[in-house]
Amino acid sequence: MDANPSTSGSVHFTVMFSQEVSGVDAGDFVLTAGGGISGTGIVEVLGSGNSYSVTVNAGAGDGTLRLDLLDNDSIVDTQQFPLGGPGSGNGGFTNGDVYTFDRTAPRMTDSLLADPSPTIADSVRFTVSFSESVTGVDGSDFVLATTGSISGGAAINA
């Protein structure tokens with residue numbers, strides 16, 4: 001599995017079976033997307049034995065993506081016994097790992113005075129809000145806009 005949450009255009013799922021199988025291909029899988037994810041697709045299925053890697057085009061948008069296994073009786077063990085036993089749908093799997101995609105950059109949504117205005121104080125404080133949780137905020141992230149005769153102002157603490 002790749003980094004999660006992700007911003008990547010493609011991700012990899014590792015699929016493990018309880019024993020050696022063959023007949024595993026893209027037609028055995030379906031992607032379950034949540035939120036605003038769209039344009040997904042299975043790119044490649046590689047592996048053998050009981051371990052396979054499925055490469056997925058993660059599409060666009062924010063949300064979640066899960067790889068589900070559909071049992072269509074094409075996957076068989078070394079004795080040609082189908083996954084889950086004879087009959088489609090009895091060997092499916094829908095409880096795998098979920099990737100979360102956050103491709104929307106945070107933005108500042110509000111800047112409010114934290115001190116009374118007007119004021120004669122040497123410094124004033126602002127409370128800023130962002131669209132999502134952020135880290136690394138400091139005074140160098142802000143520029144002061146002044147009017148009138150105010151000069152020499154600087155953001156000194158975040």
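The residues of the chain are indexed from 1 along the displayed sequence. The shown structure was predicted, so the numbers you read here are calculated from the model rather than taken from an experiment.
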Compare every heavy atom of [Y] with every heavy atom of [X], then report the nearest pair and how far apart it is.
X      : Y      : answer
Ala105 : Glu132 : C-OE1, 4.4 Å
Gly87  : Asp73  : N-OD2, 2.8 Å
Phe101 : Gly61  : CB-O, 4.0 Å

So, applying side chain to side chain contact (heavy atoms under 4.5 Å, CB included) with Val45, which one of Val15, Val24, Asp25 is it?
Val24

Worked verdict on Ile37 versus Arg103 for side-chain contact (heavy atoms from CB on, under 4.5 Å)
CA-CA 10 Å; Ile37 299 285; Arg103 298 178 179 121; 3.9 Å; yes

Under 3.5 Å donor-acceptor, [X] side chain and [Y] backbone:
X      : Y      : result
Asn4   : Val98  : yes
Thr109 : Ser129 : yes
Asp115 : Arg125 : yes
Asp71  : Asn90  : yes
Asp28  : Asn72  : no

Taking atom [atom1] of [X] and atom [atom2] of [Y], what is their separation to the nearest 0.5 Å?
X      : Y      : atom1 : atom2 : answer
His12  : Thr55  : NE2   : OG1   : 3.5 Å
Thr40  : Ile42  : OG1   : CD1   : 8.0 Å
Asp102 : Thr7   : CG    : OG1   : 8.5 Å
Ser131 : Asp110 : OG    : CG    : 12.0 Å
Tyr52  : Thr14  : OH    : OG1   : 13.5 Å
Leu69  : Phe29  : CG    : CZ    : 5.5 Å

Does a side-chain heavy-atom distance below 4.5 Å link Pro86 with Phe81?
yes

Heavy atoms, side chains only, cut-off 4.5 Å: are Asn50 and Ser18 in contact?
no

Applying salt bridge (Lys or Arg N to Asp or Glu O under 4.0 Å), can you list everything that pairs with Asp68, at least two apart in sequence or on another chain?
Arg66

Take Val56 and Leu65 through the side-chain contact (heavy atoms from CB on, under 4.5 Å) test and state the conclusion after the steps.
CA-CA 10 Å; Val56 171; Leu65 189 60; 3.8 Å; yes

Would Met108 end up clustered with Val134 when hydrophobic side chains under 4.5 Å apart are linked, directly or stepwise?
yes

Side-chain heavy atoms under 4.5 angstrom apart, residues restricted to Ile, Leu, Val, Met, Phe, Trp, Tyr: same cluster for Leu70 and Val54?
no

Quick one: sort the Phe13 and Tyr99 rings into parallel, tilted or perpendicular, breaks at 30° and 60°.
perpendicular

